[in-house]
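Naming: A, B, ... by sequence-line order, numbering from 1 per chain.
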Protein chains: 2
Amino acid sequence: MVKVGRPPQDPARQLERAHRILDAAAELILRWGYDKTTIDDVAKRSGVAKGTIYLHWKTRDDLFAALLRRERVRMLEDIRASEPATVSELFGRFVAVMLRRPLLRATLVGDSEVLGKLTRMKRQSVTALELGGAFDTYLARLIEHGAVRKEPGDHTTVIGSIVYGFVALPDMLREEARLPDERIAELVADTIGRAMETGRASSAAATRATLDFLDAMVEIARHKLADSMGAKERV
Amino acid sequence: MVKVGRPPQDPARQLERAHRILDAAAELILRWGYDKTTIDDVAKRSGVAKGTIYLHWKTRDDLFAALLRRERVRMLEDIRASEPATVSELFGRFVAVMLRRPLLRATLVGDSEVLGKLTRMKRQSVTALELGGAFDTYLARLIEHGAVRKEPGDHTTVIGSIVYGFVALPDMLREEARLPDERIAELVADTIGRAMETGRASSAAATRATLDFLDAMVEIARHKLADSMGAKERV
DNA sequence: AAATGACCAAATAGTCTCATCTAGTCAGAC
DNA sequence: GTCTGACTAGATGAGACTATTTGGTCATTT
C-alpha cells in the first residue's frame with residue numbers, strides 16, 4: 001500500500017508560519033495603516049501565497065483580530081513577568097508596556113491613522129481588562145485585605161479615566177510638552193496609588209491577589225489567541 | 001444745519017444683537033453640528049439679515065470663535081462664583097461646569113459630530129487654562145503655602161490627564177456604565193486632591209491664590225471675548 | 001450711518017462612467 | 001493533504017461634468 005498525497009504538516013510548523021504572517025501584518029499595518037495594508041502585501045512580505053493566509057483565517061478581519069490578541073497576550077505576559085504587587089504597580093506596568101506597543105496604544109486611543117476604518121471599533125482595551133467581573137472580584141479581595149480603600153468608590157471608572165487620560169493626552173500636546181513614556185507610567189502608578197490605596201505596605205495576600213488576577217487574564221487571553229490561530233479547528 | 005443720514009446706533013443695542021446672533025448660532029451648532037450650520041440659518045434664526053452678521057464678524061470662523069470665547073467666559077464666571085478654595089475644588093468645578101456646556105465639552109474631547117471640520121483645531125481647553133505661565137505661578141504659590149505637595153511633580157500633566165480622562169471616557173462606554181456628571185466631577189476633585197494636595201485644611205492664603213488665579217483667567221477671557229464682539233473696532 | 005438681501009464666485013455635493021484594486025475562491029500542482 | 005497563484009466579483013477610486021449650496025460682498029433702502 002503506497003502512501004499518496006503530501007504528508008500532514010507538522011502543527012508546530014503551521015503555528016510558526018501563522019506567527020510569521022502576523023509579524024508581517026504587524027509591520028505593514030504600523031507602517032501603512034490598516035486600510036492600506038492588503039492581504040497580498042502581507043502574503044508577499046511573509047513569503048507565503050495568499051491562499052495560505054486563508055488557510056489560517058477566514059477573513060482579513062480575523063487576521064487582524066488574531067494580531068491584536070497576540071499583542072494582548074504579550075502585553076499581559078510582560079506585566080505578569082514584572083510581578084506587580086499592587087493595583088498601582090499593575091497599571092503603571094500596564095501603561096508602560098502599552099506605550100511600547102503601538103498597536104495596542106492605537107486601539108486604546110482610537111488612532112485612525114493606524115486603525116483606518118476600524119477606528120470606531122469596540123474600544124475595549126481598558127474596559128476589557130476591567131469588565132468580566134474578574135476585575136471587580138480582584139478589587140474586592142484587595143479591599144478585604146486592606147490594600148485598597150472603599151472610598152471614593154467607582155474604582156473601575158477612576159482607574160479607566162486615569163489610564164486613558166495619561167495615555168491619550170500626549171497626542172494633543174505639542175511635541176516638547178510631552179513627558180517620556182517611563183515618566184508617564186510612573187505618574188499613572190502614583191496617581192492610582194494615591195487615589196485608592198491605603199498606603200500600608202502591601203501584604204503577601206494582596207500581592208497574591210494581583211498575581212492571581214493577572215494569571216487569570218493571561219490564561220483567558222491565551223485561550224482567545226489560540227482560537228484565533230488554529231483556523232483549521234474552527235467551527 | 002439739518003442732520004442727514006441715520007443716527008448712530010446705541011452700542012449697547014449692538015452688543016445685545018451680537019449676543020442674540022451667538023445664541024442662535026449656539027443652538028444651531030449644537031443641533032446640526034458646525035458643518036451643517038450656515039450663516040443664512042443663523043441670520044434667519046436670529047432675525048437679522050446675513051449682511052448684519054458680517055457687520056459683527058469678518059468670517060464664519062470669527063463668529064464661531066466669539067461663541068466659544070463667550071462660553072469660556074461664562075464657564076470661568078461660574079467656577080469663580082462657586083469660590084473654590086483648592087486646586088481640587090477648582091477642577092472639580094471645572095469639570096462639573098464643562099459637562100453642562102456641550103460646546104466646551106465638544107472642544108475638549110474633539111467631538112467631530114459637533115465640531116465638524118474644526119475637529120482638528122487647537123485642542124486647548126485644558127491646556128489653555130494651564131498654559132501661559134499663570135497656572136504655573138498659581139501652583140507655585142500653593143506649594144509655597146503648603147497646600148500642594150512637590151511630589152510627584154509634573155502637576156500640569158497630571159491634572160490635564162485626569163481631567164481629560166474623566167471627561168472623555170464616558171464617550172466610549174456603554175450608556176449604562178456611565179456615571180452621572182455630578183459624580184464624575186466629584187471623582188475628579190477627589191483624584192486631583194489625593195494626587196497632589198497635602199490634605200492640610202486649606203489656608204486663607206491658598207484660597208486667595210485660587211481666587212486670584214481665577215480672577216486673572218476671567219479677566220483675560222473677558223478681554224478676548226470683547227475683542228471678538230466689537231467687529232467695528234477691529235484692526 | 002445702519003441694515004438689508006439680491007448677487008456672485010467658489011466650494012461642495014451629486015451623478016455617471018471607466019479603470020484599478022483587492023478580498024476571497026478554487027482548480028490544479030506538488 | 002498542503003500549498004499555490006490565476007481568477008472573479010464587487011468594492012474602491014479617478015475623472016469629468018453638472019447642480020446646488022453657501023460664505024462673503026455691495027448697491028440700494030431706510
Ignoring backbone atoms, test whether A:Arg17 places a side-chain nitrogen or oxygen under 4.0 Å from the OP1 or OP2 oxygen of D:dT2.
no

Taking atom C1' of D:dT22 as reference, at what distance in whole Å does atom CH2 of B:Trp32 sit?
17 Å

Assess B:Arg60 against B:Tyr34: is NZ or CZ under 6.0 Å from the centre of the six-membered ring, and within 45 degrees of the ring's axis?
yes

Using whole Å, report how far CD of A:Glu16 lies from P of D:dC3.
12 Å

Partners passing side-chain contact (heavy atoms from CB on, under 4.5 Å) against B:Asp41 (at least two apart in sequence or in another chain)
B:Leu28, B:Thr38

Mind calculating the distance between NZ (A:Lys44) and P (C:dT22) to the nearest angstrom?
10 Å

Angle of first-five versus last-five pair axes in the helix from C:dA1-D:dT30 to C:dC30-D:dG1, to 10 degrees
30°

Any donor and acceptor pair, going by atom type alone, linking the side chain of A:Asp35 with main-chain N or O of A:Lys117 inside 3.5 Å?
yes

Pairwise 5' ranking along DNA chain C for A:Asp40 and B:Gly47, keeping only the more 5' one
B:Gly47

A:Lys58 NZ to C:dC26 P, straight-line distance once rounded to whole Å:
15 Å

Could you tell me whether the side chain of A:Phe213 reaches within less than 4.5 Å of the side chain of A:Thr137, counting heavy atoms only?
no

Where the side chain of B:Thr59 is defined as all heavy atoms beyond and including C-beta, which of D:dG24, D:dG23, D:dT2 is the nearest nucleotide?
D:dG24

Would you find a donor on one side and an acceptor on the other, under 3.5 Å apart, between the side chain of B:Arg178 and the backbone of B:Pro170?
yes

Please answer whether the main-chain N or O of A:Gly33 pairs with a side-chain N or O of A:Thr37 as donor and acceptor at a distance below 3.5 Å.
yes

Rounded to whole Å, how long is the line connecting atom NE2 of A:His56 with atom C1' of D:dC3?
10 Å

Specify the separation, in whole Å, of atom CG of A:Asp35 and atom C1' of D:dT12.
11 Å

Residue pair A:Arg183, A:Glu186: steps toward the salt bridge (charged side-chain N to carboxylate O under 4.0 Å, His left out) verdict
CA-CA 5 Å; A:Arg183 178 64 176 147; A:Glu186 216 174 282; 2.9 Å; yes

In whole angstrom, give the distance that lies between atom CG of A:Leu55 and atom C1' of D:dT4.
9 Å

Which nucleotide in the list D:dT22, D:dG24, C:dG24 gets nearest to the side chain of B:Arg60?
D:dG24

Atom CD1 of A:Ile53 and atom P of D:dT4: how far apart are they, to the nearest Å?
10 Å

In 5'-to-3' order, the base (B), backbone-only (S) or no-contact (-) status of each nucleotide in nucleotides 5-15 of chain C, using a 4.0 angstrom heavy-atom cut-off, is B------S---

Tell me whether A:Asp40 contacts the main-chain N or O of A:Lys50 through its side chain, where contact means a donor paired with an acceptor under 3.5 Å.
no

Pair A:Ser228, A:Arg69: side-chain N/O donor-acceptor within cut-off below 3.5 Å:
yes

